[in-house]
Amino acid sequence: MMKFKALAIDIDGTITYSDRRLHFLAAEHLRNLGIPVVLATGNVLCYAAATSKLIGLGGKVISENGGVISTGFDTNPHISESMEECEKAFSYLSNRFDLIRLDGDLRKTEIALRRNVNADDLQASLEGAGFYIEVIDTQFALHIKSKKVNKGTGLEKMASLMDLDVSDFIAIGDSVNDREMFEVAGYGIAVDNADPGLKLIADHVTSMSFGEGTVEALQILCRRDFF
Ligand SMILES: O=C(O)COP(=O)(O)O
Ligand SMILES: [Mg+2]
């Protein structure tokens, strides 16, 4: 059995309850795992970094769906150049839909929206408009994001910064924005509340949901010596 060297794990819907409250037992299991743990989220850097600090992890985070990557607290993040096209797509869509932006000016590389409109309708409206942009729904927010940037490209970048191969990682997640991370990691685990499409590409699906699913996954990984 190949030994994995690190874990990349989603935040919302994976180490939380359904209402985004942190699942303390999942956090404790992550803290005691004994290998590097990278938090990978669609949320902003300060959210990801604070979560890493409060859990007791080392500050390695992938935020904004791979757009902003940090290898530790108080280090300069790696920021993708994708906000300009997202802003153009947002302006184009704002003329057609009632869009409500989230996170104010905290976001550097993509735009998050309240889920008051349907992502598929926004995506359909962009077809033929010449944007290399996608609109995804994570069940927590809509994201207007570059197709060039995702948690998979973020994990590849993080792996190279950690002198690891991306296949050295196990990935755990719940949503459509975890797909590319599963595609590049060596092993992918979906919690039971996960998006059906993510479950189809996962190597394992837990029987439990949300944070309980992550506790179940980490117990299995440790019991079967995956690390
Ligand atoms: O920011 C979101 O929409 C969801 O965040 P997540 O990637 O941590 O689940
Ligand atoms: Mg999630």
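Every number for a ligand or one of its atoms is a count from 1 in the order of the listing. Since the structure is predicted, the reported quantities are computational estimates derived from the model, not experimental observations.
The closest side-chain donor-acceptor pair between Asn65 and Asn177 falls under 3.5 angstrom. Between Glu64 and Thr109, the side chains place a donor N or O and an acceptor N or O closer than 3.5 Å (distance only, hydrogens not considered).
Heavy-atom neighbours of Arg31 CZ from other residues, nucleotides or ligands within 6.0 Å: above the threshold of 12. Annotation for Asp74: atom CG does not count as buried by contact number, only 12 or fewer foreign heavy atoms lying within 6.0 Å. Remark: Lys53 NZ is loosely packed, at most 12 non-hydrogen atoms of other residues, nucleotides or ligands lying under 6.0 Å away.
Distance alone, capped at 3.5 Å, places no donor-acceptor pair between the Glu110 side chain and the Met83 backbone. The backbone N or O of Asp137 sits nowhere less than 3.5 Å from a side-chain atom of Arg115 that would complete a donor-acceptor pair.
Residue contacts with ligand 1, taken as heavy atom pairs separated by less than 4.0 Å, involve Asp10 solely via side-chain atoms from C-beta onward. At a 4.0 Å heavy-atom cut-off, ligand 1 touches Ile11 through backbone and side chain alike. Proximity of Asn177 to ligand 1, defined as any heavy-atom pair under 4.0 Å, is confined to the side chain (atoms from C-beta onward).
Among all heavy-atom pairs drawn from Ile111 and Glu87, the shortest one is CD1-OE1, 3.7 Å.
Taking 2.8 Å as the threshold, Asp178 does not count as a candidate ligand of the Mg ion (ligand 2), since none of its N, O or S atoms lies below it.
At least one N/O-N/O distance between Thr41 and ligand 1 falls below 3.5 Å. Ligand 1 has no N or O atom lying under 3.5 Å from any N or O atom of Asn65, backbone or side chain. At a 3.5 angstrom cut-off on N or O pairs, Ala40 does not count as close to ligand 1. Any N or O atom pair closer than 3.5 Å counts here, and His143 shares at least one such pair with ligand 1.
For the ligand labelled ligand 1, residue Gln139 lies outside the 4.0 Å heavy-atom shell.
The nearest heavy-atom contact from the protein to atom 5 (O) of ligand 1 is Asp12 OD2, 3.3 Å. The shortest contact between atom 4 (C) of ligand 1 and any protein heavy atom is with Thr138 OG1, 3.5 Å.
With contacts defined as side-chain heavy-atom distances shorter than 4.5 Å, the pair Lys145/Ser82 does not qualify.
In this structure, CG in Asp165 is found 11.0 Å from CZ in Phe4, a value given to the nearest 0.5 Å.
No other N/O/S atom of Asp12 lies as close to the Mg ion (ligand 2) as O does. Among the heteroatoms counted here (N, O or S) of Asp174, OD1 is the one nearest to the Mg ion (ligand 2). The name of the N, O or S atom in Asp10 nearest to the Mg ion (ligand 2) is OD2.
Residue-ligand proximity, Ala141 to ligand 1, at heavy-atom distances under 4.0 Å covers atoms 3 (O).
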